Protein chains: 2
Amino acid sequence: MNSGVRAVRPAKRTGLSDQVTDQLRDAILTGELAKGERLSEVELAYRLDVSRGPVREAMMRLRHEGLVRGDWHRGTFVTTINRRDAEELYSLRTVLERLAFQRAIVGATAEDLSRLQDIVDEIDTAAGRADVVRTLKLDVAFHDAIYQAAHHDRLYQSWLGIRSHIALFLLHRQTDDSNYLAIAATEHRELLNAIVAKRSTTGQALVEAHITSAYERLCVRLKQEELAG
Amino acid sequence: MNSGVRAVRPAKRTGLSDQVTDQLRDAILTGELAKGERLSEVELAYRLDVSRGPVREAMMRLRHEGLVRGDWHRGTFVTTINRRDAEELYSLRTVLERLAFQRAIVGATAEDLSRLQDIVDEIDTAAGRADVVRTLKLDVAFHDAIYQAAHHDRLYQSWLGIRSHIALFLLHRQTDDSNYLAIAATEHRELLNAIVAKRSTTGQALVEAHITSAYERLCVRLKQEELAG
DNA sequence: AGATGTTCGACTGTTAACATGTTGACATGG
DNA sequence: CCATGTCAACATGTTAACAGTCGAACATCT
């Protein structure tokens, strides 16, 4: 057994399950684990230098997030996404995020607004440097902050159920969408302005436009993949 | 049992984790496990005559359903619900069920409508017999069928995340709301009629009225409990 | 050769023992 | 009397070994 992994992180206040979950999620989201790839519990346990327990628990969480799928005694596989998934995901995201936005306008605290402002500023910086990967992470972080500003635990849980997939879609879109950087910078700033100004009506419209445009750009990408594959 | 109300019960070929999950969920929903009661893994494993593995997995699922809560190394407890929970639950349910209803109107199959019709008829029968427990189960089953008729996997997953709580609320309300039986019979039939007639606008209004009235009745109940305790 | 029954390997589900973290109580010192 | 430090009991997190199940390759029969 390679003792490197354990030694690097001695002070772990959180359990190994959380670490394994994060590592596997990152591996999937970065494409290190290809779509449709089989995930063996024993192999992953060996590679991550942990027992099968945390790996098993991590895979259960990821299965709940929708990143992996599998049946009884038939193994676990990285989820492959199609256009129906995209449609489901964005129709659900629309209703969730409308509610989140509505509640954020009412109940966002000063800290919430400050954090949103920071993220928007960072998006500007990252987009200005043409740092696509960082912009993508900040994109997800912005919407995550919106949901947190809604102060609605169950709504946030529902968002967690689709957040990984949203990140996955953004990642898949990154390769060709050249004007994504400009869109991300402007639209997110508009969304924040609507919250600060407590403009509910225009905010709702912005949310729908934001998500719809993202969905349409994703559909173009998926259609290209289908034609290519 | 032809209508599949008691859906999840095959559990011969499936693992012990599923059985344990169902047993614990039933125990909580029937009040056998009181609210706030602590759940010890070792004790439950002994009482159910299984190892801690399946119990652990079951508690993790129930935690995701919101029926139990707990922090790192601090034990797991049956969730106690308050008025903030109720508000969160019903605001989320409103947006989810609006989407479900909208999609059910468009994409419900003949089987979906048939099952809904069966459930509504059974509600009439149960309400006529003043069988409150059966009416409650059919109530949840009706809305479950709506979400299934929406043919939207992720939406259904989100619904599963709050379904147990809805059932819990209905169960708590059963004790005093005497005219629940009549309300359940009429409102659910109206909802079904709106779907069959594909009347989207009136259907949306019915959904909101249905959920709002349920929420308000629940609030009355919770307020009574707060005054009593 | 094609279909069918059997065996083997690998994987997951399960279990019990081990390690670690938390909590509350009790003793001790200011 | 209050604050603080130590400790012991308990619960959870983790590990490695055991058992059941599925799929595929192989052998056999028609």
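Convention: sequence-line order gives letters A, B, ...; per-chain numbering from 1. Note that the structure is predicted; figures quoted are calculated from it, not measured.
- When heavy atoms are screened at a 4.0 angstrom cut-off, A:T76 is found touching no nucleic acid atom at all.
- Counting to the nearest Å, the P atom of C:dA10 and the CD atom of A:E43 are 13 Å from each other.
- B:L44 comes within 4.0 angstrom of no nucleic acid atom, judged by non-hydrogen atoms across all strands.
- Within the structure, every side-chain polar atom (N or O) of A:W72 is placed at least 4.0 Å from both OP1 and OP2 of C:dG13.
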>> Is there a salt bridge (charged side-chain N to carboxylate O under 4.0 Å, His left out) between A:E57 and B:R56? Walk through the geometry before answering.
In response: CA-CA 10 Å; A:E57 193 166 331; B:R56 185 177 177 72; 3.6 Å; yes

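- A:E32 approaches A:E37 most closely through the heavy-atom pair O-OE1, 4.4 Å.
- Panel note: side chain A:D131, backbone A:R134; a donor-acceptor pair is recorded below 3.5 Å.
- Nearest to the side-chain atoms of B:R52 among the listed nucleotides C:dC18, C:dG21, D:dC22 stands C:dC18.
- Straight-line distance from the CG atom of A:D71 to the P atom of D:dT21: 17 Å, rounded to whole Å.
- As a whole-Å value, the separation of B:L48 CG from C:dT15 P is 11 Å.
- Ring geometry for A:H143 against A:H188 counts as perpendicular: the plane angle is over 60°, on a 0 to 90° scale with 30° as the lower cut.
- For B:D49, the CG atom counts as loosely surrounded, since its 6.0 Å shell holds 12 or fewer non-hydrogen atoms of other residues, nucleotides or ligands.
- Atom CZ of B:F77 and atom C1' of D:dT12 are 12 Å apart (whole Å).
- Residue A:E41 places its side chain closer to C:dG13 than to any other of D:dT12, D:dT14, C:dG13.
- Minimum atom distance to the side chain of B:H73 is reached by C:dG21, of the listed C:dG21, C:dG13, C:dT14.
- Taking side-chain N and O atoms only, B:R74 has no distance below 4.0 Å to OP1 or OP2 of D:dA11.
- In this model, the phosphate group of C:dT14 is approached by a side-chain N or O of B:S17 to a distance below 4.0 Å at OP1 or OP2.
- At whole-Å resolution of the value, CD in B:E57 and P in D:dT12 are 16 Å apart.
- Put simply, CZ on B:R56 is 15 Å from P on C:dT15, counting in whole angstrom units.
- Regarding A:L39, its CG atom lies at a distance of 16 Å from the C1' atom of C:dA10, rounded to whole Å.
- Taking atom OH of residue B:Y46 and atom C1' of nucleotide D:dA11, one finds them 19 Å apart after rounding to whole Å.
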